[in-house]
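In what follows, residues are counted from 1 in the order of the sequence shown. Counting starts at 1 for both ligands and their atoms, in listed order. Because the structure is a prediction, the values reported are computed rather than measured.
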Amino acid sequence: MSDIKNNRQTAAQLLIRSLVQQNVKQIFGPSGSMQNRAHRLPGVSIARHRSQEPPHTINHMDWATSMLARGKMPITRELEPKSMEEIRTASAENETCSLGSYLASRLEEIGIKHHFAVAGDYNLVLLDQLLLNKNTQQVYCCNELNCSFSAEGYARANGVAACVVTFSVGSLTAFDGLAGAYAEELPVILISGAPNSNDFGANHLVHHALGTLDLRYPLDFAKRITCEAVAITHPEEAPHLIDKAIRAALREKKPVYIEIPCNLASAQCSKPKPIDWFETPKSDPASLYAAVRAVAQFLENAVRPVLLAGPKLRSHGGIDAFRLLAEAVGCGVAVMPSAKSFFPEQHRQYIGIYLGAAGSAGAADVVDSSDAVLAAGPLFTDYTTTGWTALPSENRLIQVDPDRVRVGSTTFNDVYLAEFLRELTKVVKPKPKTLAEFERTKVLVASPSVADAGVPLTREEMCRQIQGLIDSNTTLIVETGDSWFNGLNMNLTDGAKFEIEMQWGHIGWSVPATFGYAVKARDRRIVLMVGDGSFQLTAQEVCQMIRLNLPVLIFLVNNRGYTIEVEIHDGPYNNVKNWDYAGLMKVFNAEDGLGVGLRATTGGELAAAIEKAMAHSGGPVMIECSIERDDCTRQLLEWGSRVAIANARPQQRA
Ligand code: DPX
Ligand code: MG
């Protein structure tokens with residue numbers, strides 16, 4: 001039996017003993033073990049006091065102990081000072097709190113001020129407990145997929161996020177967004193309610209499950225898509241397991257899963273102890289030294305090195321260190337699509353997005369002809385290499401991963417990204433040749449001309465007008481589809497941010513992720529570009545933006561279909577049922593919302609809609625932009641055709 005339980009019993013026993021010593025004849029409180037114990041003592045009777053009834057989930061001994069600790073035990077006589085002192089000592093040793101408030105404290109400590117939630121009977125008591133912490137806020141979502149994507153978006157703005165769902169029916173739906181957080185390197189803490197702890201291993205069936213005795217499948221699934229998955233089965237082990245999971249999320253920058261049975265959310269556990277959550281990992285000194293020497297030598301031998309920023313730079317705290325390294329080398333700097341905005345686009349060394357034929361004009365020429373590509377935190381996949389056509393060959397690649405460095409075919413393990421970049425900066429020599437080359441050969445892309453106000457809206461005119469909205473306080477969020485390329489083509493002023501989900505690539509991600517991002521970044525202008533097909537997956541989360549009065553600006557690109565798929569491989573399955581998208585805002589507003597829905601079929605209508613949107617406050621504005629089904633970017637055509645070739649590679653014979 002644990003110390004906590006022993007302490008609680010000791011406190012209760014002390015109370016009973018002292019009451020008896022003082023000849024107290026009646027104890028008011030809930031019926032239960034304390035009264036039963038007292039009953040067995042000669043001369044003590046029990047009275048039930050309804051107004052002091054504890055919530056049904058708090059066990060009676062806990063209730064007695066907590067009332068005692070707060071000096072509220074409704075006894076009929078004053079106690080002698082001496083025995084009260086004895087009781088205080090016993091309860092002071094007994095430093096407990098509810099499991100739910102333990103979790104709330106930990107979330108608050110790591111900077112999570114909002115957690116996203118969908119209620120269900122297995123998590124209601126937990127939600128109550130979390131609500132007791134007035135420094136954190138509960139934010140509700142329409143469904144669990146949106147809930148995990150909202151948390152994913154919040155993690156992009158905040159560094160870490162949490163969401164709470166119910167068992168199985170909730171968690172299995174949330175797992176898609178959680179896996180997305182894994183792919184995108186975002187620490188999201190998924191907390192799932194669970195059946196009563198006595199039901200695990202018991203020979204009876206419970207709801208929201210498979211109708212078999214197996215209740216462990218959500219935990220098993222979670223293990224595949226998180227860096228730590230824990231199921232609490234006793235309150236005593238909760239602090240250890242909660243801390244273990246949170247630590248893993250912060251260390252690995254990956255999601256974790258914590259399962260809490262409904263009857264344990266209010267059970268007592270020891271109070272949180274101070275923890276240093278944000279220890280930076282330290283490289284192995286010998287390995288770090290060797291890696292720095294090898295890379296410095298490699299760069300020294302090269303004539304035309306370039307630097308390439310990858311998406312993992314942000315999650316592993318390397319953005320500033322990368323910039324300093326770039327300035328020390330003085331070479332051209334390209335970014336991978338998911339790293340757009342990680343290196344300032346106004347910087348004199350910026351050469352654009354490296355995405356082969358689908359990237360910025362001139363960027364691929366420089367990177368592909370370079371003899372040393374230092375890629376920091378990259379993720380080279382079929383998508384990010386445009387069907388394997390934009391992948392630096394191993395013999396000229398220095399790949400700086402979160403915890404290792406690869407130079408050609410040599411790997412240096414236990415070397416951490418930010419620390420490595422800082423150490424390398426101290427020893428590199430200037431090599432500005434690729435920048436000079438880029439400046440000499442760069443093709444200036446002409447700005448699109450202003451379309452006549454009355455002609456049907458085109459993609460180009462839509463983007464021209466959206467570009468005009470981007471300032472240093474803007475975050476541009478782009479959904480999978482041609483919105484990727486529309487967004488990648490935008491010029492960002494310094495301070496502007498860009499969010500894309502290119503690795504998981506889940507259509508529908510952007511609506512809840514934008515909601516989550518906006519909950520955290522209320523001071524930024526948030527602009528979302530989303531296609532009609534994607535929007536139909538998670539549309540209802542716009543109502544939560546209305547609920548919280550978030551001034552998000554949504555450009556809904558209505559091209560009546562899955563245009564990106566049309567360009568990869570067309571068929572009837574790429575047609576989307578049309579909706580009255582702008583009209584939806586009225587539906588979501590119902591009786592009290594301040595959302596606005598507007599329609600633009602010409603450049604003039606779009607300009608007028610944008611003007612209205614800028615004047616509106618107190619809620620989101622959606623502008624439905626109607627364009628032709630085939631009106632897509634050049635980059636989409638280049639990219640789509642190459643990805644299609646990669647997809648169609650024939651089976652290789654052994
Ligand atoms: C699919 C994609 O309308 O954008 O610009 O018209 O392409 P565009 P839409 O939002 O259409 C999106 C559509 C169907 N991808 O073109 S990119 C396949 C897909 C996916 N994620 C999930 N299901 C299917 N990426 C969850
Ligand atoms: Mg579309």
Side-chain angles (χ1 to χ4, degrees), residues 143-146 148-149 152 172-184 225 337-338 358 381-384 386-387 457-460 462-463 466 476-490 500-514 528-542 554-582 584 599-601 622-644 646-647:
N143 63 50
E144 287 82 357
L145 175 68
N146 292 353
S148 55
F149 277 146
E152 195 262 26
L172 265 57
T173 307
F175 283 161
D176 196 330
L178 201 68
Y182 195 104
E184 300 285 323
I225 53 164
S338 308
T381 70
D382 53 346
Y383 267 22
T384 62
T386 308
L457 186 63
T458 60
R459 187 202 60 75
E460 189 179 70
M462 175 185 74
C463 290
I466 296 173
L476 178 64
I477 302 180
V478 296
E479 176 64 89
T480 305
D482 202 23
S483 295
W484 274 357
F485 300 100
N486 285 326
L488 290 169
N489 286 340
M490 298 275 173
I500 187 169
E501 193 221 26
M502 204 170 197
Q503 179 52 27
W504 194 237
H506 188 303
I507 56 170
W509 155 84
S510 70
V511 178
T514 298
L528 166 64
M529 294 183 77
V530 53
D532 51 343
S534 302
F535 184 75
Q536 292 195 358
L537 273 84
T538 51
Q540 67 277 70
E541 223 52 28
V542 172
I554 304 169
F555 289 93
L556 184 295
V557 188
N558 187 359
N559 55 11
R560 309 276 177 123
Y562 297 149
T563 292
I564 199 168
E565 305 295 352
V566 170
E567 304 311 330
I568 293 178
H569 183 126
D570 202 7
Y573 33 75
N574 291 329
N575 299 331
V576 168
K577 164 76 183 80
N578 194 35
W579 286 6
D580 177 2
Y581 297 99
L584 275 179
R599 238 171 248 108
T601 58
M622 188 206 293
I623 304 177
E624 179 186 342
C625 302
S626 294
I627 62 169
E628 285 290 312
R629 190 173 188 264
D630 277 327
D631 186 3
C632 66
T633 54
R634 175 192 65 78
Q635 287 80 1
L636 171 58
L637 298 176
E638 300 278 12
W639 182 86
S641 57
R642 287 165 178 79
V643 169
N647 280 348

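Between the side chain of T563 and the backbone N or O of D630 there is no donor-acceptor pair closer than 3.5 Å. Under a 3.5 Å cut-off, the side chain of S483 and the backbone N or O of T480 do not form any donor-acceptor pair. E479 contributes a side-chain N or O that, together with a main-chain N or O of S510, makes up a donor-acceptor pair within less than 3.5 Å.
Nearest N/O/S atom of D532 relative to the Mg ion (ligand 2): this is OD1.
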- [ ] Give the C-alpha distance, both sets of side-chain angles, the deciding distance and a yes or no for side-chain contact (heavy atoms from CB on, under 4.5 Å) between Q540 and N146.
- [x] CA-CA 9 Å; Q540 67 277 70; N146 292 353; 3.6 Å; yes

TODO: Apply ring pair (Phe, Tyr, Trp, His ring centres under 6.0 Å) to W504 and Y182, showing your working.
DONE: CA-CA 9 Å; W504 194 237; Y182 195 104; 9.4 Å; no

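At a threshold of 2.8 Å, the Mg ion (ligand 2) has no backbone or side-chain N, O or S atom of R560 nearer than that distance. Residue contact annotation: N559 places an N/O/S atom under 2.8 Å from the Mg ion (ligand 2).
Salt bridge present: D580 and R599 bring a charged side-chain N and a carboxylate O closer than 4.0 Å.
Each of D631, D482, I627 was evaluated against V557; a single residue qualifies, I627, per the side-chain contact (heavy atoms from CB on, under 4.5 Å) test.
Protein residues are said to neighbour a ligand when one of their heavy atoms lies under 4.0 Å from it; for ligand 1 these are T480, G481, D482, G505, H506, I507, G531, D532, G533, S534, N559, G561, Y562, T563, I564, E565.
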